[in-house]
Amino acid sequence: MDKTFNPSQIEQACYQHWESKGMFSPSGHGEPYCILLPPPNVTGSLHMGHAFQHTIMDALIRYRRMKGDNTLWQCGTDHAGIATQMVVERQLNAQGKTRHDLGRDKFVERIWEWKEESGGNITQQMRRLGASADWNREVFTMDDNLSEAVREVFVQLYDEGLIYRGKRLVNWDPVLLTAVSDLEVVNDEEDGHMWYMRYPLSDGSASLTVATTRPETMLGDTAVAVHPDDERYQDFIGKTITLPLTGREIPIIADDYVDPEFGTGCVKITPAHDFNDYDMGKRHDLPMINILDDEARINQNAPAEYQGLDRFDARDKIVKDLEAAGILVETKPHKLKVPRGDRTGVIIEPYLTNQWYVAVESLAKPAIAAVESGEIKFVPENWSKTYYQWMNNIQDWCISRQLWWGHRIPAWFDEDGKEYVGKSEAEIRTKYGLADNVALKQDEDVLDTWFSSALWPFATMGWPENTKELDTFLPSSVLVTGFDIIFFWVARMIMMTKKFTGKIPFKEIYITGLVRDENGDKMSKSKGNVLDPIDVIDGIGLDALIEKRTTGMMQPKLAAKVTKQTKQQFPNGIDAYGTDALRFNFAAMASTSRDINFDMSRVEGYRNFCNKIWNATRFVLMNTEDFDTGNKGGELAFSPFDRWIWSRFERTVAQFEAHVADYRFDLAANTLYEFTWNQFCDWYLELSKPVVNSDATSEAQKRGTRYTLINVLEQLMRVMHPFMPFITDEIWKKIKPLSANTTQVPSIMLDRFVSFEASMLDESAEQEIEWVKSFVVGIRNIRGEMDIAPSKRLPVLLNNLNDVDRQRLENTQQYLTMLAKLESIEILEKTDEAPACATALVGEMEIMIPMAGLIDKEAELARLKKAADKLVAEVQRTEGKLNNQNFVGKAPAQVIDKEKAKLADAQMQLSKIQEQQAAIAKL
RNA sequence: GCGCCUAUAGCUCAGUUGGUUAGAGCGCUACCUUGACAUGGUAGAGGUCCCCUGUUCGAGUCAGGGUAGGCGCACCA
């Protein structure tokens with residue numbers, strides 16, 4: 001084996017081995033355990049959030065697979081309507097063309113080509129992460145069977161009256177030229193203005209001043225509203241206003257939506273361009289005058305001089321014209337929430353169009369109940385509140401998109417515009433009894449991407465066919481996803497799955513944090529702080545990283561800043577840390593926190609951890625490969641250390657499993673790290689050396705230790721495998737033949753998880769080894785603080801031993817000598833006169849190192865003082881507690897006894913140290 | 001406005017039902033090429049647990065109030 005672990009040499013071959021041998025498919029026996037992959041964008045690439053979530057999903061799947069479950073990680077990709085269409089449009093734009101130049105069919109063909117070209121990208125990247133998803137069952141949301149499910153659902157919902165078409169205000173993206181859902185609009189506060197305009201009454205008697213943040217919409221005003229109880233305006237209600245610029249006569253109406261305190265208490269009403277005004281318009285039966293076209297230019301409904309102007313140009317002109325006419329009273333700076341499309345960043349227009357909607361109320365009820373009853377559990381539980389809050393105020397879902405890429409809406413219109421819904425034109429003709437000569441035209445629109453992903457839990461299992469998979473893997477076990485798509489996806493899956501299968505889609509929802517950079521900033525291209533998980537695995541040079549971060553930026557001027565920042569952050573680029581280190585890092589970061597700050601130095605730490613494991617393996621192999629490990633018989637004599645490490649190992653297994661069951665992967669990872677590094681490597685491997693290297697130990701003892709070395713390591717690899725699949729499989733293949741594991745499976749991933757063996761717990765061995773450790777640490781302590789060279793062998797005197805101390809000393813003397821680098825160990829008898837010594841305590845036993853020639857008197861006094869000070873504080877604290885009648889009277893006896901024992905121990909130690917101080921001071 | 005979250009070592013984070021001297025990794029200091037590993041070892045320094053009040057024998061932990069930061073939803077003429 002190489003002296004250092006080199007992940008790049010093993011990972012890809014290892015993965016190919018797994019995949020080519022079909023190890024990712026469900027075994028077909030055991031309890032079903034299924035995870036649905038949140039389908040990533042088919043043409044996208046893997047980002048840190050994916051890597052994080054996929055690590056967790058894979059860890060769970062690998063763990064359950066090794067536990068003997070019938071595991072399915074159902075994977076696939078999403079067609080991502082808007083995102084994908086935008087990418088291909090941008091490619092066309094770069095060639096100076098638009099999608100309209102190609103036409104719909106050619107354009108869609110072009111997207112399919114792009115999907116063929118880049119569609120495998122993200123799944124290849126998932127493979128680099130070690131994801132053991134069942135690629136044989138990989139699906140794409142536009143596959144035939146999924147499209148069939150989409151049509152089936154649409155038609156059923158329509159037939160039940162739960163899908164309807166209506167002309168309503170929607171969020172319109174004037175660049176994408178499509179409606180988008182509420183969730184796809186971000187409302188952020190921006191600086192704007194408030195314009196005050198004086199509208200004259202038609203009778204010329206007076207005027208009303210209205211305030212607006214969007215003066216251009218006045219072209220579509222169809223009323224002015226005041227509060228019905230507002231005394232200032234009682235006389236105006238029912239009169240009319242002659243709208244400036246258009247000359248339209250519009251009524252003054254009363255509606256208690258108006259807040260008399262805000263602005264002037266008079267509101268201009270533009271029902272076709274504002275959601276609140278729309279509602280008011282409906283209440284008062286106002287005309288709805290649309291003044292914009294699809295691209296948000298002023299249309300023919302406005303005076304000629306404004307027609308064709310872009311909305312912002314129109315605003316400027318209108319403000320100027322109103323000012324000139326003396327209608328504009330005042331302009332004030334004003335902060336307002338501006339709705340922008342989350343994809344394009346352009347300002348969204350409320351726009352009156354025909355769209356398809358899902359009436360969600362009846363679907364929401366059972367979906368709410370499923371969480372309320374505990375049938376579906378959120379982890380952490382708090383996220384259920386977010387879910388309820390949205391579900392209890394849920395709005396009908398606008399599912400039509402004016403895009404070309406996606407599932408075409410299965411609705412047809414005849415020449416009179418009458419709608420017919422069915423899975424195909426032929427079906428419709430039968431269903432509605434339409435003659436062949438009736439001309440039908442299919443709706444141009446496609447469905448919201450989330451409509452198909454809402455069907456993911458059952459459509460991927462073959463629905464509407466009644467398949468074995470549906471029966472076995474629905475509901476799935478746990479959904480691992482981010483809180484940002486609880487509404488988009490999670491809630492809608494619950495609604496649709498309940499509706500169409502009567503089952504819940506998943507039993508638990510594990511909500512992960514969002515991966516941010518080490519400063520807690522969201523990773524984004526414009527901030528230039530994005531990291532590609534593959535770069536963390538393979539490493540990347542500084543120049544290449546800068547290149548990657550600065551190409552294709554929306555704002556090229558940011559490139560300089562990003563370059564500087566990247567140089568500062570990664571002056572030498574990024575090292576190749578390997579997949580296992582990255583995965584272990586993600587596991588270790590997966591606490592309950594909602595933000596995960598990605599810290600490269602931690603990945604480095606886990607890369608070092610991999611190297612530690614690698615080298616521990618080298619050591620174990622050196623000592624077992626050409627020796628008898630006792631697997632073929634022969635007496636095994638286990639030392640206290642052997643029994644101790646087994647006991648600790650069993651505890652580790654139990655803790656690990658408990659933490660995984662709680663979805664506390666951070667604690668699970670720490671448990672493994674602690675055991676492996678701080679117990680197995682730091683102590684056990686050291687302790688094994690005297691046994692395997694000494695002529696004084698018997699063959700049986702050597703066998704016992706070799707057996708323990710190889711088998712603890714072999715089992716440890718199995719426990720670690722879900723988190724670190726590559727290194728564990730590589731090592732396992734090397735060590736398994738030497739171990740007691742007789743399995744014939746070709747990879748650790750198909751072997752059984754280690755089962756907790758309570759019989760291996762050994763309290764007395766653990767105590768004995770704790771005694772050894774404090775003995776050794778006591779001496780290292782003196783060495784360290786007294787500046788004694790580590791290589792210097794020390795003579796040690798022991799005093800005040802009890803029977804247990806004597807027994808333990810006898811059991812472990814050879815180890816103590818080696819670990820603490822001792823020259824000799826001598827027990828003082830009561831009658832002996834002790835020389836001047838530096839002292840450490842193990843319980844009541846004193847470990848003494850003669851000072852002569854080694855230790856400076858003043859230094860030792862200083863060291864003792866430090867120890868004594870601590871003990872004095874401790875004695876004072878505990879005495880204070882025990883003298884407090886309230887404490888003694890009210891605290892449980894157990895706690896009081898603990899305090900008493902603590903006090904006694906501190907007093908004992910203190911008196912011994914004080915004796916030492918006195919003795920040394922006399923020198 | 002409603003709801004949620006966070007605040008612990010220089011940095012990134014754990015800390016379970018309240019109960020030893022509050023922990024880990026990284027970083028820092030000193031020493032060490034010993035034979036698995038310098039991607040290593042040994043020792044060490046480093047904390048007003050955001051603030052206030054309360055409950056309690058006892059609070060990092062519970063309650064109330066505040067401060068700072070973050071997120072979601074709704075509203076904003």
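Naming: A, B, ... by sequence-line order, numbering from 1 per chain.
Ranking C2(B), U39(B), C57(B) by closeness to the Asn886(A) side chain, first place goes to C57(B). Distances from the side chain of Phe487(A) to the nucleotides G72(B), C37(B), A36(B) place G72(B) closest. Minimum atom distance to the side chain of Gln389(A) is reached by C2(B), of the listed C57(B), C2(B), G40(B). Between G44(B), C26(B), C13(B), one nucleotide has an atom nearer to the side chain of Asn781(A) than all others, and that is G44(B). Considering only side-chain atoms of Tyr257(A), the nucleotide from A36(B), G40(B), C75(B) that sits closest is C75(B).
Using a 4.0 Å heavy-atom criterion, one finds that Val210(A) contacts no nucleic acid atom at all. Within 4.0 Å of Asp277(A), counting heavy atoms only, lies no atom of the nucleic acid at all. Glu686(A) comes within 4.0 angstrom of a nucleotide base, judged by non-hydrogen atoms across all strands. Contacts of Val888(A) with the nucleic acid, taken as non-hydrogen atoms under 4.0 Å apart, are absent. Met194(A) comes within 4.0 angstrom of the backbone, heavy atoms only, and of no base. Counting non-hydrogen atoms under 4.0 angstrom, Cys681(A) reaches a base of the nucleic acid. Using a 4.0 Å heavy-atom distance criterion, Trp677(A) is classed as a sugar-phosphate-only contact. Backbone-only engagement by Arg877(A) is indicated by non-hydrogen atom pairs under 4.0 Å involving sugar-phosphate atoms exclusively. Residue contacts shown for Lys3(A) are limited to sugar-phosphate atoms, with no base heavy atom under 4.0 Å away.
Look at A30(B): its Watson-Crick or wobble partner, with both distances under 3.5 angstrom, is U42(B).
No hydrogens or angles were tested; on distance alone, a donor-acceptor pair under 3.5 Å links the side chain of Arg607(A) to the base of U39(B).
Rounded to a whole angstrom, the distance from the P atom of C32(B) to that of C13(B) is 36 Å. If you take atom C1' in U56(B) and the same atom in A63(B), they sit 12 Å apart, rounded to whole Å. A68(B) and G25(B) have their C1' atoms separated by 27 Å, with the value rounded to a whole Å. Across U55(B) and G72(B), the matching C1' atoms stand 33 Å from one another, rounded to whole Å. Spacing between C71(B) and U53(B) at atom C1', rounded to whole Å, works out to 29 Å. Atom P of A7(B) sits at a distance of 16 Å from the matching atom of U17(B), rounded to the whole Å. The same atom, C1', is picked in A74(B) and in C52(B); the two are 33 Å apart, to the nearest Å. On the C1' atoms, U6(B) is 15 Å away from G60(B), given to the nearest whole Å.
The pair Arg340(A)-Glu190(A) meets the salt-bridge criterion, with a side-chain N (NZ, NE, NH1 or NH2) lying under 4.0 Å from an Asp/Glu carboxylate O. Taking the charged nitrogens against the carboxylate oxygens, Asp191(A) and Lys335(A) do have a contact shorter than 4.0 Å, which makes a salt bridge.
Under 4.0 angstrom from either OP1 or OP2 of C13(B) there lies no side-chain N or O belonging to Ser591(A). Note on Asn597(A): a side-chain N or O is less than 4.0 Å away from OP1 or OP2 of C13(B). For Lys612(A), a side-chain nitrogen or oxygen approaches OP1 or OP2 of G41(B) to under 4.0 Å. A sub-4.0 Å separation between OP1 or OP2 of G40(B) and a side-chain N or O of Asn608(A) is present.
Taking atom CD on Gln907(A) and atom C1' on U21(B), their separation rounds to 16 Å, with Å as the unit. For the pair Lys870(A) NZ and U20(B) P, the computed distance is 17 Å after rounding to whole Å. If you take CD1 of Ile486(A) and P of C73(B), they are 11 Å apart, rounded to a whole angstrom. Rounded to whole Å, atom C1' of U39(B) lies 16 Å from atom CG of Asn572(A). Atom CD1 of Ile735(A) is separated from atom C1' of A36(B) by 14 Å (rounded to the nearest Å). In this structure, Lys734(A) places its NZ atom 15 Å from C1' of A36(B), rounding to the nearest Å. Put simply, NZ on Lys881(A) is 13 Å from C1' on U56(B), counting in whole angstrom units. For the pair Arg783(A) CZ and C32(B) P, the computed distance is 14 Å after rounding to whole Å.
Positionally, the nearest nucleotide of RNA chain B for Lys898(A) lies more toward the 5' end than for the other of Thr617(A) and Lys898(A). Where Asn884(A) and Val777(A) each meet RNA chain B at their nearest nucleotide, the meeting point lying more 5' is that of Val777(A).
Judged by distance alone, the side chains of Asp255(A) and His227(A) never bring a donor and an acceptor atom under 3.5 Å apart.
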Show the numbers, then the answer: is there a side chain to side chain contact (heavy atoms under 4.5 Å, CB included) between Tyr387(A) and Ile509(A)?
CA-CA 11 Å; Tyr387(A) 173 79; Ile509(A) 306 165; over 6 Å; no

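Here Trp383(A) and Phe378(A) keep their ring centres 6.0 angstrom or further from each other.
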Quick one, give me the B/S/- string for nucleotides 5-10 of chain B, reading 5' to 3', where B means a protein heavy atom under 4.0 Å from the base and S means that only happens at the primed atoms, P, OP1 or OP2.
S-----

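Just one of Tyr577(A), Phe598(A), Phe665(A) meets the ring-ring contact (aromatic ring centres under 6.0 Å, His included) condition when paired with Phe586(A); it is Phe598(A). When Gln876(A), Arg877(A), Lys870(A) are each tested for a side-chain hydrogen bond (donor to acceptor under 3.5 Å, both in side chains) with Glu874(A), only one passes: Arg877(A).
Residue Glu730(A) holds its CD atom at 13.5 Å from CE of Met724(A), rounded to the nearest 0.5 Å. Here the CG-NZ distance, from Asp277(A) to Lys268(A), works out to 7.0 Å after rounding to the nearest 0.5 Å.
Ring orientation note: the planes of Phe609(A) and Phe584(A) are tilted relative to one another, at an angle of 30° to 60°. Note: Tyr673(A) and Tyr606(A) have perpendicular aromatic rings, judged against thresholds of 30 and 60 degrees for the angle between ring planes.
Geometrically, Arg594(A) engages Phe483(A) in a cation-pi contact, judged by NZ or CZ lying under 6.0 Å from the ring centre and within 45° of the ring axis.
Within residues 656-674 of chain A, the residues having any heavy atom under 4.0 Å from RNA chain B are, by residue number, Arg664(A), Leu667(A), Tyr673(A).
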